[in-house]
Q: 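Sharing a structure below in structure tokens format, with a few things to ask.
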Protein chains: 2
Amino acid sequence: MTSSSAKHDVFQAIADPTRRKLLKLLSKEEMPVTVISGHFPMSRTAVSKHLRVLADAGLVKERKVGRETRYKLEPDPLVELKDWLQYFELFWENKLVALKLLVESDEAVAEHPGAPFGRDKLELKNIKDHK
Amino acid sequence: MTSSSAKHDVFQAIADPTRRKLLKLLSKEEMPVTVISGHFPMSRTAVSKHLRVLADAGLVKERKVGRETRYKLEPDPLVELKDWLQYFELFWENKLVALKLLVESDEAVAEHPGAPFGRDKLELKNIKDHK
DNA sequence: GTAATGTGAAACTAAATGGTTTCATATTTT
DNA sequence: AAAATATGAAACCATTTAGTTTCACATTAC
């Protein structure tokens, strides 16, 4: 029931740099197409098509206001990406754990916060410093 | 310097479902191409090309062993994805914060019970600001 | 009412993508 | 040495993608 059965999925939607820029832009505020396309070196129509792809993936919401259509970010579908990533977090954390085991005592490992995200480098540095 | 100057970037690499499946598969163990391609309904050559894209993005590492080339996951470049996502986490967390403010007191929120990601400090700061 | 504005749809194009089959090459195996 | 195996490179093809220009249609402004 995690939706995302549309014609475009999130992974595909964010594959394009222009679309990623669009998402950032629309995260700040709702904007009509003409204003949006002012931020890009391509035609308004091209931007419009990118917006359509994003809308298909559920990543933007459109609202008609008079003769203009305003778009804004809808971040929810990014959860799918997050979940996907989470699986791999496991792996790069295991690498870290292995490294820690090489460098530190059990104590250090016991301190492993179990926090899936966060800055790995910092975490590692913390451990080292902790010695 | 943080890599990702190759011909294929991470976002593009993970856009394809086959490649995502490849990453999962290669996360478990190192495998030679023929074995890998046994898991997919396409030709060995096609799989090989997907592997090339992944390698370009730095997401798999290849190692020659005798006449075979073994591939395995290299999760590091996914950090770029994680960082990109993190920006948007902010937004869906703010939505949560707004909801919390409707339902809960500041004290309760300070416990940040089910914070989706690790960015608790920011979240708390936002809440404080809102107070 | 007429002109101007904001937008999407359509038709088109060039390039990228995902796949195929065939071929060459290096390494084992016998 | 010859046969078998593992693989990548090349050439090719169909489809998708990212962009264009042109057109039609609402809505607002004059």
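Only heavy atoms go into these numbers, but all of them, side chains included; no hydrogens, no water, no symmetry mates. Labels below follow one simple rule: chain letters A, B, ... track the order of the sequence lines, proteins then strands, and each chain is numbered from 1.
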Q: Under 4.0 Å from OP1 or OP2 of D:dT17: is there any side-chain N or O of A:Gln12 that close?
A: yes
Q: Which nucleotide in the set D:dG8, D:dT17, D:dT20 lies at the smallest distance from any side-chain heavy atom of A:Ala46?
A: D:dT20
Q: Please tell me which of the listed nucleotides, C:dA10, C:dT21, D:dG8, lies nearest to the side chain of B:Ser48?
A: D:dG8
Q: D:dA18, D:dG8, D:dT22: which one has an atom nearest the side-chain heavy atoms of B:Arg52?
A: D:dG8
Q: Looking at every strand, decide which applies to A:Phe40 at a 4.0 Å heavy-atom threshold: base, sugar-phosphate, or nothing.
A: nothing
Q: Rounded to the nearest angstrom, tell me the gap between atom CD1 in A:Ile36 and atom C1' in C:dT7.
A: 12 Å
Q: I want to check one thing: is the phosphate of C:dG6, taken as OP1 and OP2, less than 4.0 Å away from some side-chain N or O of A:Tyr71?
A: no
Q: Where the side chain of A:Glu68 is defined as all heavy atoms beyond and including C-beta, which of C:dG18, D:dG8, C:dG6 is the nearest nucleotide?
A: C:dG6
Q: Grab the CZ-P distance between A:Phe11 and D:dT17 for me, whole Å please.
A: 16 Å
Q: If you check every side-chain atom of B:Thr18, which of C:dG19, D:dA6, D:dT22 has the closest atom?
A: C:dG19
Q: Are A:Phe88 and A:Ile14 connected in a single hydrophobic cluster, I mean Ile/Leu/Val/Met/Phe/Trp/Tyr linked by side-chain heavy atoms less than 4.5 Å apart?
A: yes
Q: Spell out yes or no: do the side chain of B:Arg67 and the base of D:dT7 have one donor N/O and one acceptor N/O closer than 3.5 Å?
A: no
Q: For B:Asp56 and C:dA16, give me the distance from atom CG to atom P, rounded to whole Å.
A: 14 Å
Q: Within 45° of the ring axis of B:Tyr71 and under 6.0 Å from its six-membered ring centre, is that where the NZ or CZ of B:Lys61 lies?
A: no
Q: Could you check how far CZ of B:Arg70 sits from C1' of C:dT27, rounded to whole Å?
A: 13 Å
Q: Looking only at heavy atoms, which two atoms of A:Ala15 and B:Ala15 are closest? And how far apart?
A: CB-CB, 3.8 Å
Q: Under 4.0 Å, counting only non-hydrogen atoms across every strand here, what does A:Arg19 touch: a base, just sugar-phosphate, or nothing?
A: sugar-phosphate
Q: Counting heavy atoms from C-beta on, name the nucleotide in C:dT21, C:dG8, D:dT21 closest to the side chain of B:Ser43.
A: C:dT21
Q: Using atom CZ of A:Arg63 as one end and atom P of C:dG6 as the other, report the distance to the nearest whole Å.
A: 17 Å
Q: Rounded to the nearest angstrom, tell me the gap between atom NZ in A:Lys64 and atom P in D:dA26.
A: 10 Å
Q: Go through D:dT20, C:dT17, D:dA9 for me and flag the one nearest to the A:Thr45 side chain.
A: D:dT20
Q: Is there side-chain contact between A:Arg63 and A:Lys72, with heavy atoms separated by less than 4.5 Å?
A: no
Q: From D:dT20, D:dA9, D:dT7, pick the nucleotide closest to the side chain of B:Thr34?
A: D:dT7
Q: From C:dA9, C:dG19, D:dT17, pick the nucleotide closest to the side chain of B:Met42?
A: C:dG19
Q: Taking the side chain as every heavy atom from C-beta outward, state whether A:Leu26 and A:Glu74 have any pair of such atoms under 4.5 Å apart.
A: no
Q: Expressed in angstrom and rounded to an integer, what is the separation of B:Met31 atom CE from D:dT7 atom P?
A: 11 Å
Q: Can you work out whether B:Lys49 or A:Val53 has the more 5'-proximal nearest nucleotide on DNA chain D?
A: B:Lys49
Q: Taking donor-acceptor contacts at under 3.5 Å, does the side chain of B:Arg44 reach the base of D:dG8?
A: yes
Q: Can you tell me if the side-chain N/O atoms of A:His50 get under 4.0 Å from OP1 or OP2 in D:dT17?
A: no
Q: Rounded to whole angstrom units, what separation is found between the NE2 atom of A:His8 and the C1' atom of C:dT17?
A: 14 Å
Q: For a quick test of reading the model, state the closest non-hydrogen atom pair linking A:Ala55 to A:Glu62 and the distance between them.
A: CB-OE2, 4.1 Å
Q: Reading DNA chain D from 5' onward, which residue's closest nucleotide shows up sooner: A:Pro41 or A:Val65?
A: A:Pro41
